Amino acid sequence: AQRVTQPEKLLSVFKGAPVELKCNYSYSGSPELFWYVQYSRQRLQLLLRHISRESIKGFTADLNKGETSFHLKKPFAQEEDSAMYYCALSKAAGNKLTFGGGTRVLVKP
Amino acid sequence: NAGVMQNPRHLVRRRGQEARLRCSPMKGHSHVYWYRQLPEEGLKFMVYLQKENIIDESGMPKERFSAEFPKEGPSILRIQQVVRGDSAAYFCASSPTDGNTIYFGEGSWLTVV
């Protein structure tokens, strides 16, 4: 069975500080990994896909197959980064996503 | 492309009534997914549908919940005899046939009073 774990429910950082959101997964095959962001009462938006290897809004995430992790990082947090962040896994194209429990990020001025 | 459209955005139902949530996928998308987000919790997969077919309903409660995606028209998530515990945000998502990027709607917030 596939599972995604986000150990931190809440991360509170000051503006300009680095932020790292942890994500660990369990899956027997080669999954697709994603990070989604949800601003207050809005739709989930795709932030990153591991296969695209790009940086969005200053965020990066590296897939570590040995540690089965896909941590999300940003070197300098901004107040507008305050949101819920979800790590998700998909096992195949067009397949359902399994989400972690989410991490709420609060960036303080 | 208007994106994934969900309606109603907010729905209030009394216990025992029925709730119907509608989802129109993005143009050209034939895969629809429903997720539920309970207060202070993450998203939980409910059901995955293609046109006229339920592909995976492993996350659907066994009773009172049903979903369909007819040949014409939106996908419908139906909850019969609602209870307070059904109060949640219900998100629909869609993806194209040959891709795995899933796009979400803005959600429908159900409140059962």
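Here the structure is a predicted model, which means the values were calculated and not measured. Below, chain A is the first sequence line, B the second, and so on; all start at residue 1.
Ranked by non-hydrogen atom pairs under 4.5 Å with chain B, the options A:M84, A:Q38, A:Q42 are led by A:Q38.
Contact of the A:F99 side chain with the B:Q37 side chain is not registered, since no non-hydrogen atoms from C-beta on lie closer than 4.5 Å. In this structure the side chain of A:L97 reaches within 4.5 angstrom of the side chain of B:Y35, judged on heavy atoms.
Residue-environment remark: CD (A:E80) exceeds the threshold of 12 foreign heavy atoms within 6.0 Å. Atom OH of A:Y39 has more than 12 heavy atoms from other residues, nucleotides or ligands within 6.0 Å.
Rounding to the nearest 0.5 Å places CD of B:E106 at 11.5 Å from CG of A:L44. Distance CD1/B:I102 to CZ/A:F34: 6.5 Å, rounded to 0.5 Å. Put simply, OG1 on A:T98 and CZ on B:F45 are 8.0 Å apart, with the number rounded to the nearest 0.5 Å.
For the residue pair B:F104 and A:R43, the shortest heavy atom distance occurs at O-NH1, 2.8 Å.
Neither the backbone nor the side chain of B:Q50 comes within less than 4.5 Å of any heavy atom in chain A. Of the two parts of A:Q45, neither the backbone nor the side chain holds a non-hydrogen atom closer than 4.5 Å to a non-hydrogen atom of chain B.
A:I56 is connected to A:V19 through a chain of hydrophobic side-chain contacts under 4.5 Å among Ile, Leu, Val, Met, Phe, Trp and Tyr, so both are in one cluster. The same ILVMFWY cluster, assembled from side-chain heavy atoms under 4.5 Å apart, contains both B:I54 and B:I79. Under a hydrophobic-cluster definition in which Ile, Leu, Val, Met, Phe, Trp and Tyr are linked whenever side-chain heavy atoms come within less than 4.5 Å, directly or via other members, B:Y103 and B:V32 are assigned to different clusters. Note: the hydrophobic cluster containing A:L63 also contains A:L21 (ILVMFWY, side chain heavy atoms under 4.5 Å, direct or indirect links). Residues B:F65 and B:Y33 do not share a hydrophobic cluster, defined by chaining ILVMFWY side chains whose heavy atoms lie under 4.5 Å apart.
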